[in-house]
Amino acid sequence: MSISVRSLATEPLSPCDVRLPALVRETIEWYADKHGTVDGYLLRHPMDPTKPYLAYYLQNQWQRIKHADEVDVPDGMVFYSLRHFFASNCLSNGIPITDVAEWMGHKSLDITFKIYRHLIPGSIGKAAKILDVGLAA
């Protein structure tokens, strides 16, 4: 099962279907059933629940959390870092780059490859071994 995802930060009118791990999908569905959605958006504006939650509100919340010093957030870490953390962990643990590119909403696999190629475990060495076997046959 997939869920249609729309991002206000990048392309507000361009939804895409994304296959999600079961636990993530079930959690999103639970939240939507409990709190509802606004025009298909899961998060709502804090002052006006009839409007979607804009991306800069997330950044404002992140700044409040950092300045409250209740959570240990490393210096220089911005909210957007969580996106890179997610992608990096996926690739470092062997999730195919094609899946990560889709989840990240990249229009082209080339974008994902340029940013995260160095995290694909042993990609150059593995490719060389495969070519060696193929050429020896």
Side-chain angles (χ1 to χ4, degrees):
M1 177 178 186
S2 66
I3 289 182
S4 183
V5 177
R6 294 186 289 177
S7 168
L8 285 174
T10 54
E11 299 177 33
L13 300 176
S14 194
C16 64
D17 289 335
V18 178
R19 289 181 298 277
L20 299 171
L23 180 60
V24 174
R25 188 193 75 241
E26 291 163 6
T27 302
I28 290 171
E29 290 170 343
W30 170 85
Y31 186 91
D33 288 343
K34 181 174 181 178
H35 300 285
T37 62
V38 175
D39 294 330
Y41 289 98
L42 192 60
L43 302 176
R44 291 181 295 285
H45 190 287
M47 302 298 179
D48 184 353
T50 64
K51 294 180 181 176
Y53 198 87
L54 301 176
Y56 69 87
Y57 286 124
L58 290 174
Q59 184 61 34
N60 289 347
Q61 292 287 26
W62 180 256
Q63 291 302 321
R64 283 190 204 117
I65 290 168
K66 284 177 67 173
H67 294 310
D69 285 331
E70 294 175 8
V71 177
D72 185 24
V73 178
D75 288 339
M77 185 173 184
V78 296
F79 185 76
Y80 199 76
S81 300
L82 298 175
R83 178 178 166 85
H84 293 296
F85 177 79
F86 170 79
S88 298
N89 274 286
C90 287
L91 292 168
S92 295
N93 286 288
I95 294 177
I97 193 168
T98 50
D99 293 347
V100 175
E102 183 178 341
W103 292 338
M104 299 298 286
H106 293 157
K107 288 184 178 185
S108 156
L109 182 62
D110 190 49
I111 294 168
T112 314
F113 189 74
K114 284 179 181 177
I115 297 169
Y116 299 107
R117 180 183 168 276
H118 66 284
L119 296 171
I120 303 169
S123 58
I124 297 293
K126 185 177 179 181
K129 287 178 185 175
I130 290 170
L131 290 173
D132 282 345
V133 169
L135 293 173

Task: Partner set under side chain to side chain contact (heavy atoms under 4.5 Å, CB included) for Thr50, not counting sequence neighbours - done: Asp48
TODO: Could you list the residues that satisfy salt bridge (Lys or Arg N to Asp or Glu O under 4.0 Å) with Asp110, not counting sequence neighbours?
DONE: Lys114
- [ ] Give, for atom NZ of Lys66 and atom CG of Asp75, the distance between the pair rounded to the nearest 0.5 Å.
- [x] 7.0 Å
- [ ] Taking side chain to side chain donor-acceptor pair (under 3.5 Å) as the test, write out the residues that go with Asp33, two or more places apart.
- [x] none
Task: Spatial distance of atom CD1 (Ile115) from atom CE (Met104) [nearest 0.5 Å] - done: 7.5 Å
- [ ] For Tyr57, check side chain to side chain contact (heavy atoms under 4.5 Å, CB included) against everything at least two apart and list the hits.
- [x] His45, Pro46, Tyr53, Leu54, Asn60
Open item on the list: Go through it in stages, so that I can follow the logic: the residues are Tyr31 and Leu43, the test is side-chain contact (heavy atoms from CB on, under 4.5 Å), and I'd like the CA-CA distance, side-chain angles, deciding distance and then a yes or no.
Closed with: CA-CA 10 Å; Tyr31 186 91; Leu43 302 176; 4.0 Å; yes
Open item on the list: Tell me whether the rings of His84 and Tyr116 are parallel (<30°), tilted (30 to 60°) or perpendicular (>60°).
Closed with: tilted
Task: Spacing of OG1 belonging to Thr112 relative to CG belonging to Leu91, to within rounding of 0.5 Å - done: 8.0 Å
Open item on the list: Which residues end up grouped with Met47 if you chain together Ile, Leu, Val, Met, Phe, Trp and Tyr wherever their side-chain heavy atoms are less than 4.5 Å apart?
Closed with: none
TODO: Search all heavy atoms of Cys90 against all heavy atoms of Val100 and return the closest pair with its distance.
DONE: CB-CG2, 3.6 Å
Open item on the list: Under 4.5 Å side-chain heavy-atom separation, chaining through any Ile, Leu, Val, Met, Phe, Trp or Tyr, what else clusters with Leu23? Say none if it is isolated.
Closed with: none
